[in-house]
Structure formats: C-alpha cells, structure tokens
Amino acid sequence: MEDRLEQQISFIREIDKEKQIGRQTYLTGGSRKENDAEHAWHIALMAILLSEYANEPIDLLRTVTMLLIHDLVEIDAGDTYAYDEAAKATEHDREARGADRIFGMLPREQGSALRALWEEFNTGETPEARFAHAMDNFQPVMLNAATDGRAWAEHGVRLSQILRRNRITPEGSDRLWEYALQHFIQPNVERGRIRDDTT
C-alpha cells in the first residue's frame, strides 16, 4: 500500500510541471500567455458550465477528467502550436512517448485508465471526446477574440487555418461553434486581425 501511495505522490509531483508548459494564447488581460495547467483548468470548468450545449448526452465527469489530463503529455512533448504544421508532423510520436512515461508512473490500473482516456480524447470517437475537443478548440478562439486577435495577428493566422483547426468543433457542439464563428472569428476577420484567404 505504501508503494502505491508513493507512486501516486510521485505522479502528482510530476504533473506540477504542466504549469511550466507555455502556450501561445494570451490571458484575457493580455499581460502574458497562459500555461497548459491554466488551459486545462479553464476548459474543464467550461465543460461543466456549457455541457448543456453538447450535441449528445455526455458523462460529464469522464469529459472533465479527459480535459484535465489531455495535455499532461506535453510535460515531455512540449506544446505544439495549433498552426505550426512542421511541429504537428511529429506531435503524435512525441506525445505518445510522453504518455508512456507519465501515465506509467501510476499504479497499473490508474495509469491504464488515464492512458485510455487520453487515447479516447485523441481518437475523438465518443460523445465525451467530441465535446472535449469542442472545449479545447473553443477556449483559445474565445481568448484570442478577448485580446483583439493579438496572437492571431502576431502569427499571421489565416481564416482557412482556423476553419481547418476547428473542423471537428461542431461535432461536439454545433451551438458553440456557431457562436464562436459569429462572435469571435468573424469580427476579427472584419478588423483584419485574421487574414481571410477563403474568398
């Protein structure tokens, strides 16, 4: 029993490193960029508040757990910016190695359960995974809009890239995707913060 607790405490200490993994999305005040742990907390709470907009009934605890653990692998793999095509080419292999190590720190049944949830998120084939992806995509779009499209402008992001990145968002929530398109994306296209390359 003591060994089991030691494994769990070691894992808990290790995942504190998620707070050091920087993302490209600015906080709403624009003072700095968020980190992976802040992102995970934010989308988990968003899922609790917005679950009524899921296209299908979901197991909310399963979805929230998925959101809280989905980026832990970035402790080893680093964050891959959504619009960095070169980095995305190696993302799966880097993250799978991270998943092996990080979830492997836990007692076998806990590590296997979290690894399975991580795989479920990546595969995106369950109602929970589809809604989790909607939250994971909706949040940075919302924050980008809240900072006047700052990160989009800095990276020269094009509308086609945002639409491609969010092609699965409506599978989790049609309503939230329509809201994001009308309230977050289109106004930034009109202001020139997002380059419209779709016409």
Side-chain angles (χ1 to χ4, degrees), residues 1-28 31-51 54 57-82 84 86-140 142-143 165 168-169 171-173:
M1 199 62 173
E2 189 67 23
D3 287 347
R4 178 181 175 83
L5 180 57
E6 284 298 332
Q7 284 181 280
Q8 292 164 327
I9 296 298
S10 292
F11 174 82
I12 291 165
R13 270 197 305 263
E14 183 68 12
I15 65 172
D16 184 66
K17 294 176 182 175
E18 189 180 25
K19 298 171 187 173
Q20 300 171 23
I21 308 301
R23 292 172 48 84
Q24 293 300 313
T25 310
Y26 286 96
L27 303 179
T28 52
S31 60
R32 65 174 175 83
K33 295 174 180 176
E34 69 178 351
N35 64 50
D36 267 2
E38 291 166 330
H39 169 69
W41 159 80
H42 205 189
I43 59 178
L45 190 51
M46 285 170 56
I48 293 167
L49 297 173
L50 302 175
S51 61
I58 58 169
D59 178 330
L60 187 55
L61 178 59
R62 184 176 190 81
T63 306
V64 167
T65 305
M66 197 179 292
L67 290 169
L68 289 171
I69 61 108
H70 82 289
D71 278 343
L72 291 179
V73 297
E74 293 184 1
I75 292 168
D76 288 1
D79 178 62
T80 302
Y81 182 49
D84 182 343
K88 290 194 84 53
T90 63
E91 179 181 28
H92 181 267
D93 290 342
R94 287 183 286 114
E95 290 191 348
R97 286 192 300 274
D100 288 343
R101 186 188 75 80
I102 292 163
F103 298 129
M105 295 177 70
L106 281 165
R108 186 180 304 266
E109 85 287 354
Q110 285 186 324
S112 295
L114 291 188
R115 175 64 187 258
L117 268 185
W118 179 78
E119 295 282 0
E120 181 180 335
F121 174 83
N122 285 332
T123 305
E125 294 177 353
T126 63
E128 290 78 14
R130 285 190 284 271
F131 189 67
H133 273 287
M135 293 296 91
D136 193 36
N137 290 343
F138 185 87
Q139 187 255 10
M142 178 188 69
L143 292 184
R165 167 74 175 170
I168 62 171
T169 303
E171 295 176 13
S173 176

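All values derive from a computational prediction rather than experimental measurement. Position 1 is the first residue of the sequence; numbering continues from there. Worth knowing before you read on, the calculation uses all heavy atoms, side chains too, and leaves out hydrogens, waters and symmetry mates.
You'll find the side chain of Gln24 stays beyond 4.5 Å of the side chain of Asp84, heavy atoms only. Considering only heavy atoms from C-beta on, Arg115 comes within 4.5 Å of Asp100 through its side chain.
Closest approach of Leu106 to Leu114, counting heavy atoms only: CD1-CD1, 3.6 Å. Scanning both residues, Pro127 and Pro57, for their nearest heavy atoms gives CB-O, 3.7 Å. Considering all non-hydrogen atoms of both residues, Arg165 and Ala82 come closest at NE-CB, 3.5 Å. The two atoms that bring Gly172 and Phe131 nearest to each other are O-CD1, 3.6 Å, heavy atoms only. Contact between Ile58 and Ser51 at its shortest, heavy atoms only, is CD1-CB, 4.1 Å. When all heavy atoms of Arg4 and Pro107 are compared, the closest pair comes out as NH1-CB, 3.3 Å.
Taking the ring centroids of His70 and His39, they lie under the 6.0 Å cut-off.
In summary, the side chains of Thr126 and Arg62 do not present any donor paired with an acceptor at a separation below 3.5 Å, with no hydrogens or angles considered.
To the nearest 0.5 Å, atoms CD (Gln20) and CG (Asn35) are separated by 9.0 Å. To the nearest 0.5 Å, atom CD1 of residue Ile9 and atom CE of residue Met105 are 11.0 Å apart. Expressed to the nearest 0.5 Å, how far CZ of Arg13 lies from CD of Gln8 amounts to 12.0 Å. Leu45 contributes atom CG, which lies 11.0 Å from atom CE of Met135 (distance to the nearest 0.5 angstrom). Atom CG in Asp59 sits 8.5 Å away from atom CE in Met66 (nearest 0.5 Å). To the nearest 0.5 angstrom, Asp36 atom CG is 12.0 Å from Ile15 atom CD1.
Residues Arg23 and Glu74 are not paired through a salt bridge, judged by the lack of any N-O separation under 4.0 Å between the basic side chain and the carboxylate. Using a 4.0 Å cut-off between charged side-chain N and carboxylate O, Lys88 and Glu91 make a salt bridge.
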- Message: Is there a side chain to side chain contact (heavy atoms under 4.5 Å, CB included) between Ile43 and Phe138? Walk through the geometry before answering.
- Response: CA-CA 9 Å; Ile43 59 178; Phe138 185 87; over 6 Å; no
- Query: So Thr63 and Leu67, side chain to side chain contact (heavy atoms under 4.5 Å, CB included) or not? Walk me through it.
  - Reply: CA-CA 6 Å; Thr63 306; Leu67 290 169; 4.3 Å; yes
- Before giving the answer on side chain to side chain contact (heavy atoms under 4.5 Å, CB included), spell out for Leu143 and Tyr26 the whole-Å C-alpha distance, their side-chain angles and the decisive distance to 0.1 Å. CA-CA 7 Å; Leu143 292 184; Tyr26 286 96; over 6 Å; no
- Task: Tell me, with the steps shown, if Phe103 and Leu117 meet side chain to side chain contact (heavy atoms under 4.5 Å, CB included).
- Result: CA-CA 11 Å; Phe103 298 129; Leu117 268 185; over 6 Å; no
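At distances below 3.5 Å, at least one donor-acceptor pair connects side-chain atoms of Arg130 with backbone N or O atoms of Glu125.
Not counting sequence neighbours, the partners of Glu14 by the salt bridge (Lys or Arg N to Asp or Glu O under 4.0 Å) test are Lys17, Arg101.
Atom CZ of Arg108 has 12 or fewer heavy atoms from other residues, nucleotides or ligands within 6.0 Å.
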